[in-house]
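Report on one structure; see the data block that follows.
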Amino acid sequence: MKKLLQSVLLAGMFFSIVSCISISVPGEENRRMNNLNAEYYNIAEAYFSLKKYDKAADYYKLCLKNKETELSAKYQLARCYVFSSKWSDSEKLFSELLERDKSNLDLKLSLAYVHAMSGELEAACNEYKALSLEYPENQAVLENYITLLMNMEKSEEAAPQYAVLKEKFPDSKLVSTYSKQFEVNENKEEGENKNN
């Protein structure tokens, strides 16, 4: 009888241990998923810092499913696409983010940059022009706009922007660069006028 009682007690203890293991604590699964998501994000960031953008993109995609990291993962994923020259993918993500935060200058600049790099120069030019009007005190916007105009060989449109840059931001490292480009363009135009 003693052995039977010990067997029953032992079986009861075993059953209670097994049932405790299989019963989850409320919120445990959610906490576990958040921890896993944080690890994915950290791995993505590590790959991004190593400039392994395809690997980073894989982990950022995993983070899109979590509301806590969705927006930052989407932004970083768009940046991965930029560095991988996947212009249409990055444009889609930056556009989605801009829909949620219409006044975000970084997103607007990123989208204009993507359009310029993907060959949509007129769209990029229009975006930079609008940004230069919306943010007249932003040096980076003005510099990017002038650079795009000069690369599009629109020196006549760039000249007044260059004058503004020179006046508002005389310490800009690009003032001397643009100055040299304007001299080259002026000499080129003078040569063309003499030939006509």
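Predicted model only: the values in this text are computed from it and were never measured.
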Sequence-distant partners of S118, side chain to side chain donor-acceptor pair (under 3.5 Å), two or more places apart: E120
Same apolar cluster (I L V M F W Y, side chains within < 4.5 Å links), M152/Y128: yes
Test salt bridge (charged side-chain N to carboxylate O under 4.0 Å, His left out) applied to E134 - qualifying residues, sequence neighbours left out: K108
Exercise: identify the closest heavy-atom pair between V141 and L105: CG2-CD1, 4.1 Å
Student check: side-chain heavy atoms of E45 and Q76 closer than 4.5 Å: yes
Those residues that, when tested against N37, pass side chain to side chain donor-acceptor pair (under 3.5 Å) (two or more places apart): T69
From OG (S95) to CG (L107), nearest 0.5 Å: 9.5 Å
Y40/N66 under side chain to side chain contact (heavy atoms under 4.5 Å, CB included): CA gap, chis, key distance, verdict: CA-CA 11 Å; Y40 287 152; N66 187 299; over 6 Å; no
Salt bridge (Lys or Arg N to Asp or Glu O under 4.0 Å) assessment of E122 paired with K154: CA-CA 11 Å; E122 286 302 323; K154 294 184 174 187; 2.9 Å; yes
Residue pair Y178 / T147, side-chain heavy-atom distance below 4.5 Å: yes
Side chain to side chain contact (heavy atoms under 4.5 Å, CB included) against S85, all qualifying residues, sequence neighbours excluded: W87
Residue pairs involving residues 148-170 (criterion ring pair (Phe, Tyr, Trp, His ring centres under 6.0 Å); sequence neighbours excluded): Y162-F182
Flag side-chain contact, heavy atom, 4.5 Å: Y75 against L97: yes
Partner set under side chain to side chain donor-acceptor pair (under 3.5 Å) for K168, not counting sequence neighbours: E137
Please table the atom pairs, donor to acceptor, closer than 3.5 Å between any side-chain atom in residues 109-117 and protein atoms at least two apart or in another chain.
residue, atom, partner, partner atom, Å
S110, OG, D106, O, 2.8
H115, ND1, L111, O, 3.3
H115, ND1, E127, OE1, 2.8
H115, ND1, E127, OE2, 2.9
H115, NE2, E91, OE2, 2.8

With sequence neighbours excluded, residues passing side chain to side chain donor-acceptor pair (under 3.5 Å) with K129: none
Residues clustered with L50, ILVMFWY side-chain links under 4.5 angstrom: none
Exercise: do Q139 and E143 side chains pair donor with acceptor under 3.5 Å: yes
Verify same cluster id: Y47, L36 (apolar side-chain graph, 4.5 Å): yes
Non-hydrogen atoms of D54 and S84 that approach each other most closely: OD1-OG, 3.7 Å
With sequence neighbours excluded, residues passing side chain to side chain contact (heavy atoms under 4.5 Å, CB included) with E99: K102
Partner residues of Y135 under the ring pair (Phe, Tyr, Trp, His ring centres under 6.0 Å) criterion, sequence neighbours left out: none
Pair D171-K166, salt bridge (Lys or Arg N to Asp or Glu O under 4.0 Å): steps then yes or no: CA-CA 8 Å; D171 296 333; K166 200 171 179 179; over 6 Å; no
Linked hydrophobic residues, Y60 as query - side chain contacts closer than 4.5 Å: Y41, F48, Y53, L64, L77, Y81, F83, L93
Residues K92, E96: salt bridge by 4.0 Å N-O rule: yes
